[in-house]
Amino acid sequence: MMAVPKVNVTHSLRGRLLWFLLAAITMAAVAQAMIAYSSALNDADQIFDYHMQQMAMSLRSNAPMAATGNTDPNDPGNDEMVVQVWTPDGIQVFRSLSRAELPQRAVLGFSNVRANGTTYRVFSAQTATQTIQIAQDLAVRKRMAGTLALRTVGPIALMAPVLMLVVWWVVSGSLAPVARVQRQLAVRKADDLSEVSDADLPDEVRPLVQELNLLFKRVETAFEAQQNFVADAAHELRTPLAALKLQILSLARADCNEARDVAIGRLSAGVERASRLVEQLLVLARTEAADAKLEPVSLTELAKRAVGDMAGSAQSREIDLGLEQADEATVQGQGDALLILLRNLVDNAVKYTPAGGTVDVSVLAPAAGAGARLVVEDSGPGIPPEERERVFNRFYRVPGSEAQGSGLGLAIIRAIAERHGAKLALDASERLGGLKVTVEFAPS
């Protein structure tokens, strides 16, 4: 099987536009030439057919013609137009001087006859006394049609190069802003995320540059968040690491079993706090960096899991932890992230609630025009109104807090809530007297 040759078309937008436009101009010129030739040939056929018919009618008479003809061998005659006349007996009484040998028969009306290496258009008419046959070489008509078509297409052929230059100039000028944007991006440094100018860009390209600018903004925000995160993490890790060094020195200097046990206990607590801080940092980084796929998630099931996971910690502090209300509520979200949000909410409530207190978790079904709500209340000291916005900052802890922590729990909760389009609010619990945290999800 013969392989079909593959035509490679350039991927350049300007190259494609120029190639297709110039090809379209050429094809249009060729098509117009063909149409003009066909139209001219049709007109020539009608005119010459009418002329031949009128000539035949003019030669009709009742008197038979005598056999005449120019017998001069030096006279080339007229091969393009041949006239023959016969008597009813088939005797040729007249024939114009021509080298064309037409058949000695006549088909009344118009017909085409192949003779002398060419085709003749023949018209035959018969009267009572004679048969008249007029023949014309079709090449004459074709030459005339070609001449008329050339006169029609000639100006177009002369203007085609000018038109091609205009097309090249217009396409190149229209795409010049695109080349300018390409040069701007080519000379940029890796950390240059400033906006790309979309001035004078075509309407088809401007949205692409605008989306590119939005991407630059998102990348810049991500870079800033990463830099802030690394700076904050480095700052916060200095204290626990320094404390661990001191506790190791205390352990090395312990001169009795009692002092050694105290140093080991302090060292274990320091390692636990450092591990907790690193874990929270990793959770925060993963929460801010990931673009998780949202899917239907049951808030009720997640609340039950979070309460079950924190039951041991609450029991060790004699805190009454439970589900106050568990309506069936489903939201669009990422299950693992929402479970981290719930665990941090419950963990903070348990951590800051005094021994013997109460922590209640409620899942409220969506109301009319609102989404599902998640509420965590405790009987702890709460947060003063002036501190409720600042506690969402990383590594910030309310002054005077006795509970140990890294100050990242609420920052993680807020990052997850924002990623799910949920509203996070801190208020005083009227029922338990402590803090009330409400997470309201958007209606699905």
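From a predicted model like this one, the values you see are computed outputs, not experimental measurements.
Listed by chain and residue number, nothing satisfies the salt bridge (Lys or Arg N to Asp or Glu O under 4.0 Å) test with E301 (two or more places apart in sequence, or in another chain). Under the side-chain contact (heavy atoms from CB on, under 4.5 Å) criterion, S111 pairs with V107, V113, V122, not counting sequence neighbours. Every side chain to side chain donor-acceptor pair (under 3.5 Å) that Q325 has, sequence neighbours left out, goes to D327. For F216, there are no ring-ring contact (aromatic ring centres under 6.0 Å, His included) partners at least two apart in sequence or on another chain. Remark: Q315 engages no residue in a side-chain contact (heavy atoms from CB on, under 4.5 Å) (not counting sequence neighbours). Residues satisfying the salt bridge (Lys or Arg N to Asp or Glu O under 4.0 Å) test with R143, not counting sequence neighbours, are E80. Looking at residues two or more places apart in sequence or on another chain, you find no side chain to side chain donor-acceptor pair (under 3.5 Å) involving S379. Here R218 pairs with nothing under the side chain to side chain donor-acceptor pair (under 3.5 Å) rule; sequence neighbours left out. Taking R373 as the reference, L364, T438, E440 meet the side-chain contact (heavy atoms from CB on, under 4.5 Å) condition, with sequence neighbours excluded. Not counting sequence neighbours, the partners of A372 by the side-chain contact (heavy atoms from CB on, under 4.5 Å) test are L299, A329, V331, P366. E195 is linked by a side chain to side chain donor-acceptor pair (under 3.5 Å) to K217, counting only residues two or more places apart in sequence or in another chain.
Between R343 and D347, none of the side-chain N atoms (NZ, or NE/NH1/NH2) sits under 4.0 Å from a carboxylate O, so this pair counts as no salt bridge.
Judged as a salt bridge (charged side-chain N to carboxylate O under 4.0 Å, His left out), the pairs with a partner in residues 25-50 (not counting sequence neighbours) are, in order, D45-R141, D49-R121, D49-R141.
N344 contributes atom CG, which lies 5.0 Å from atom CD1 of I413 (distance to the nearest 0.5 angstrom).
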